[in-house]
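Okay, structure first, notes after.
Note that the coordinates shown come from a computational prediction; the quantities given were computed from them, not determined experimentally. Every number for a ligand or one of its atoms is a count from 1 in the order of the listing.
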Amino acid sequence: MRAIEQITDLKAIIRSYKKTDKSIGFVPTMGYLHKGHTSLIKNSKHDNDITILSIFVNPAQFGPGEDFESYPKDLQNDLQIAEKAGVDVVFIPNAEDLYPNNFKTYVDMKDLPKKLCGKSRPDHFKGVLTIVTKLFNIVEPHKVYFGQKDAQQVIIINKLIKDLNMNIELIVCPTVRETDGLAMSSRNVNLNPAERKKAAILSQSLLEIESLIKNGEKDAKKLHDHIVNNINSVDIAVIDYIEIVSADNLEPIVTLYGKVLIALAVKFGKARLIDNIIIEV
Ligand code: AMP
């Protein structure tokens, strides 16, 4: 495995892959790797000749007062995990190279970034769209791998690829969970043992909603009330949002039909956790 810091060095490597017609799979991450990340790597290795992983905590997607400074990091461990998972090139760029002093261009999108997570994180997706576009331009991947755990991110990046005519295929990989159902996340490390135990309510509530829907419940308000009550029964859980929306356009749904996304963000102490399910009704 090669570890590359400089954009120009990575571009030279990419050029050599392109000359020999190698297919390139790309997995962008913020590091502190776990099994959710390695599942994306596994999928990329299955589909492509070369797998490139990036590790970069992108300052542009954190708002004031968010956890940019305290975002968990362990580069040495990440490199071991990446190597073991069979990554060919790990790209670890510097913030100064990606965002030099005279940096002026940001990528933004109408509507979608303002919904769900965007209500409490107004500039988050502008930062995501900008870094993802930059990394796609540097890596020039054929396929990119993202996790369903970040459902809104997947919908927004899919739209970015379509709207800007990028020659890239987006592959969405299922959410990898702990044994009690909690979605794996680098931020889970911020949970103390009591919070960690109680955080299982999120996936449990989503599973309950799934079975209510499978048993014929189509009233979004009833389902919403059910999940709100469920999560509020945990004393330390602070709901940021729970929404039942169309998985195509993130618009609220009154009576369930089509591809429905049930997404939530809930704080447990310092950690803001997200989770979701998509159900075809
Ligand atoms: P992050 O490092 O948290 O920015 O995540 C990098 C990529 O890994 C994103 O595409 C995430 O959606 C994906 N990811 C994070 N956690 C999981 C998980 N538990 N299961 C599947 N994919 C995940």
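- Seen from the ring of Tyr145, Lys42 does not count as a face-on cation partner, given the 6.0 Å and 45° thresholds.
- The main-chain N or O of Asn192 is found under 3.5 Å from a side-chain atom of Glu195 such that the two form a donor-acceptor pair.
- Residues forming a side-chain hydrogen bond (donor to acceptor under 3.5 Å, both in side chains) with Lys159 (at least two apart in sequence, or on another chain): Asp163.
- Note on residues 22-35: no pairs pass salt bridge (charged side-chain N to carboxylate O under 4.0 Å, His left out), not counting sequence neighbours.
- With sequence neighbours left out, Asp88 forms a salt bridge (Lys or Arg N to Asp or Glu O under 4.0 Å) with no residue at all.
- Within 4.0 Å of ligand 1, the residues that place a heavy atom are Pro28, Thr29, Met30, His34, Gly36, His37, Leu40, Tyr71, Phe146, Gly147, Lys149, Asp150, Gln153, Pro174, Thr175, Val176, Met184, listed by chain and number.
- No side-chain donor from either of Asp49 and Tyr17 sits under 3.5 Å from a side-chain acceptor of the other.
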